[in-house]
A.B. asks: 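Below you will find the structure I want to go over with you.
Throughout, a chain's letter reflects where its sequence line sits, starting with A, and its residues are numbered from 1.
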There are 2 protein chains.
Amino acid sequence: MADAIRVLLVDDHQVVRRGLRTFLEVQDDIEVVGEAGDGASGVARAEELRPDVILMDVKMPGSDGVEALRRLGELGNPARVLIVTSFTEQRTVVPALRAGAAGYVHKDIDPDALAGAIRSVHAGHVLLQPEVAGALLAQEAAPAQGSRAGSLTEREREVLALIARGRSNREIARALVLSEKTVKTHVSNILMKLDLADRTQAALWAVRHGISD
Amino acid sequence: MADAIRVLLVDDHQVVRRGLRTFLEVQDDIEVVGEAGDGASGVARAEELRPDVILMDVKMPGSDGVEALRRLGELGNPARVLIVTSFTEQRTVVPALRAGAAGYVHKDIDPDALAGAIRSVHAGHVLLQPEVAGALLAQEAAPAQGSRAGSLTEREREVLALIARGRSNREIARALVLSEKTVKTHVSNILMKLDLADRTQAALWAVRHGISD
DNA sequence: GCGCGTCTGGTCCCCGGGTCCTAGGCCCAC
DNA sequence: GTGGGCCTAGGACCCGGGGACCAGACGCGC
């Protein structure tokens, strides 16, 4: 095929590389152009082969996936990187995406879905699987009693948003044209309503619940 | 086609609905089964037609997209919702995804990419466009000097991770089996190294940079 | 050996954060 | 009119957070 999507496989297990290769060989618009067994040689092969898409494991001996992603970014390599991981390691999702990953898929993905993912990524999308997106957004989720954001008044939400930007009471007072004492009152009420101990917990609560604007 | 993907369009501008419809009519595996002009009637039509995928605008008069998403979730409607937005409104991304959106695409997407997005979403993926994913991750990004997380020592990262969980110095001391004073020293060093004013800012910095575990 | 960085801890001190109590003005619902 | 929220704000009070300064123990590299 003339304009097949050129794919590079980077994974430390050749079993996995072989599996991916056989998955993709039946797709007539996807061509596996190379393989690498660790991050560093993955970067080298990417520079050499200039693939459209790189399928890469996160956990690899030596230079790992995130490190390789950063290198590719520094080199200006235009390849789109799709992270293929053995299980949902939520700790690694954010760093990987931040380092420039174009997507994150689970290793037990079925062949057609994987092909679809490669096409999506090649088309310029960023792609996550549900569990991964869930992990990214849930973080800790609501510990028990669910979101009581509704119980906050408008003014309290304003104050909370500023707390979530790291502002002090004095700064909040200036920003909202209030006395510092009034801000303290609002903060106290927020902490009471949300059952939190201090402004740091309030700030974290806010970012998790999207009050941070 | 026997198992075409059944799509419902929800947007307050019929021009947009018409555009999407013509985009999708040339795809032989996608069938537009209905339209709605606002969130509430979108939910009603979704219940009635049971589409596989719903293309929905976020900003609509009356019941908006996020509200509609929530309703669908409550009703247990299995439709996958792809948010189609006129521009990258980063404020709305997180709430929409949290409310159960399966994806977020830009209105100037080209027909084939839109079809691809629908197929991805229908296949169970969560899909974002680059700018959207960028907005989600960047948030405020590094104000200037880039991530100096590397300058933190291992111990400092441990302490920072606990700060990012809303723990007090005393709790951190107990958790790490240290004196409260030592924790304070670490906190001071963290604030100095990252050029932050207090633990609240440190907690926010940590979650943005993935130190929060 | 010596220097350097890290981890540990101490003392002194100040201030910002947070609580408790109180209270006036405002608007809305009954 | 009366009660009940919300926003505003004051005073008194306590304490945890953070800075300044100092220092010993340990490990690593020159």
Side-chain angles (χ1 to χ4, degrees), chain A residues 62 143 145-209 211-213, chain B residues 143 145-213:
Chain A
Q145 45 284 75
S147 178
R148 350 174 194 41
S151 68
L152 294 184
T153 67
E154 190 53 40
R155 202 54 159 168
E156 285 162 355
R157 268 192 295 272
E158 282 186 83
V159 171
L160 180 53
L162 289 169
I163 290 176
R165 297 172 92 95
R167 303 282 190 274
S168 69
N169 287 339
R170 185 168 304 167
E171 290 169 326
I172 295 172
R174 269 200 280 269
L176 300 182
V177 195
L178 289 176
S179 95
E180 203 174 327
K181 190 56 202 64
T182 302
V183 176
K184 282 180 148 195
T185 305
H186 286 313
V187 172
S188 285
N189 290 333
I190 291 167
L191 296 181
M192 192 178 50
K193 286 185 179 180
L194 300 180
D195 192 28
L196 301 171
D198 53 48
R199 67 196 302 105
T200 303
Q201 291 185 1
L204 294 167
W205 190 96
V207 299
R208 300 215 194 295
H209 292 76
I211 312 290
S212 39
D213 261 296
Chain B
Q145 43 282 76
S147 179
R148 347 170 196 45
S151 68
L152 294 184
T153 66
E154 189 53 38
R155 203 52 161 168
E156 287 162 353
R157 268 193 295 273
E158 282 186 83
V159 171
L160 180 53
L162 289 169
I163 290 176
R165 297 172 92 94
R167 302 282 191 274
S168 69
N169 287 340
R170 184 167 303 165
E171 289 169 327
I172 295 173
R174 269 201 280 269
L176 300 182
V177 195
L178 290 174
S179 92
E180 203 174 326
K181 186 55 200 68
T182 302
V183 175
K184 283 178 142 194
T185 304
H186 286 314
V187 172
S188 285
N189 290 333
I190 291 167
L191 296 180
M192 193 176 49
K193 286 186 179 180
L194 300 180
D195 192 29
L196 301 172
D198 53 48
R199 66 197 301 106
T200 302
Q201 291 185 1
L204 294 167
W205 189 97
V207 299
R208 299 214 195 295
H209 292 75
I211 313 289
S212 39
D213 263 294

A.B. asks: Passes salt bridge (charged side-chain N to carboxylate O under 4.0 Å, His left out), A/R174 versus A/E171? Steps please.
C.D. replies: CA-CA 5 Å; A/R174 269 200 280 269; A/E171 290 169 326; 6.0 Å; no
A.B. asks: Rounded to the nearest angstrom, tell me the gap between atom CD in B/E154 and atom P in C/dC7.
C.D. replies: 8 Å
A.B. asks: Whole-Å distance between C/dG18 C1' and A/I172 CD1?
C.D. replies: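 Those two atoms, CD1 and C1', are 13 Å apart.
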A.B. asks: Map B/L178 and A/K184 onto DNA chain C by nearest heavy atom, then report which one ends up closer to the 5' terminus.
C.D. replies: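 The 5'-side residue here is B/L178.
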A.B. asks: Among D/dG19, D/dG10, C/dT8, which nucleotide sits nearest the side chain of B/L191?
C.D. replies: D/dG19
A.B. asks: Can you check whether A/N169 has a side-chain N or O nearer than 4.0 Å to OP1 or OP2 of C/dG17?
C.D. replies: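 Yes.
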A.B. asks: For B/I172 and B/V159, work out which heavy atoms get closest and say how close.
C.D. replies: CD1-O, 4.2 Å
A.B. asks: I want to check one thing: is the phosphate of D/dA9, taken as OP1 and OP2, less than 4.0 Å away from some side-chain N or O of A/T185?
C.D. replies: no
A.B. asks: Evaluate the side chain to side chain contact (heavy atoms under 4.5 Å, CB included) criterion for residues B/N189 and B/T153: first the C-alpha distance (whole Å), next the side-chain angles of each, then the deciding distance (0.1 Å), finally the verdict.
C.D. replies: CA-CA 10 Å; B/N189 290 333; B/T153 66; over 6 Å; no
A.B. asks: May I ask you to verify if any side-chain N or O of B/T182 is less than 4.0 angstrom from the OP1 or OP2 atom of C/dT8?
C.D. replies: no
A.B. asks: To the nearest Å, give me how far apart CD (A/Q201) and P (D/dG16) are.
C.D. replies: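 A/Q201 atom CD is separated from D/dG16 atom P by 14 Å.
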A.B. asks: What's the CZ-P distance between A/R167 and C/dG16, to the nearest Å?
C.D. replies: 17 Å
A.B. asks: Can you check the B/M192 CE to C/dT6 P distance for me, whole Å?
C.D. replies: 10 Å
A.B. asks: Between atom CZ in A/R157 and atom C1' in D/dC7, what is the gap in whole Å?
C.D. replies: 15 Å
A.B. asks: Among the nucleotides C/dT8, C/dG18, D/dA9, which one has an atom lying closest to any side-chain atom of B/R155?
C.D. replies: C/dT8
A.B. asks: Between D/dG19 atom C1' and B/N189 atom CG, what is the distance in whole Å?
C.D. replies: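 Taking atom C1' of D/dG19 as the reference, CG of B/N189 is at 11 Å.
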A.B. asks: Considering only D/dC6, D/dG18, D/dA9, which nucleotide approaches the side chain of A/S179 most closely?
C.D. replies: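 Closest nucleotide to the A/S179 side chain: D/dA9.
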A.B. asks: Given B/N169, which of B/K184, B/E180, B/R199, B/K181 fulfils the side-chain hydrogen bond (donor to acceptor under 3.5 Å, both in side chains) condition?
C.D. replies: B/R199
A.B. asks: B/K193 NZ to D/dG19 P: how many Å, rounded?
C.D. replies: 14 Å
A.B. asks: Out of D/dT8, C/dT8, D/dG17, which has the shortest distance to the side chain of A/H186?
C.D. replies: D/dT8
A.B. asks: Side chain of A/K181 only, please: which of C/dC20, D/dG19, D/dG17 is the nearest?
C.D. replies: C/dC20
A.B. asks: If you compare every side-chain N and O of B/T153 against the phosphate oxygens of C/dC7 (OP1, OP2), does one of them come in below 4.0 Å?
C.D. replies: yes
A.B. asks: Salt bridge between A/R155 and A/E158, side-chain N to carboxylate O under 4.0 Å?
C.D. replies: yes
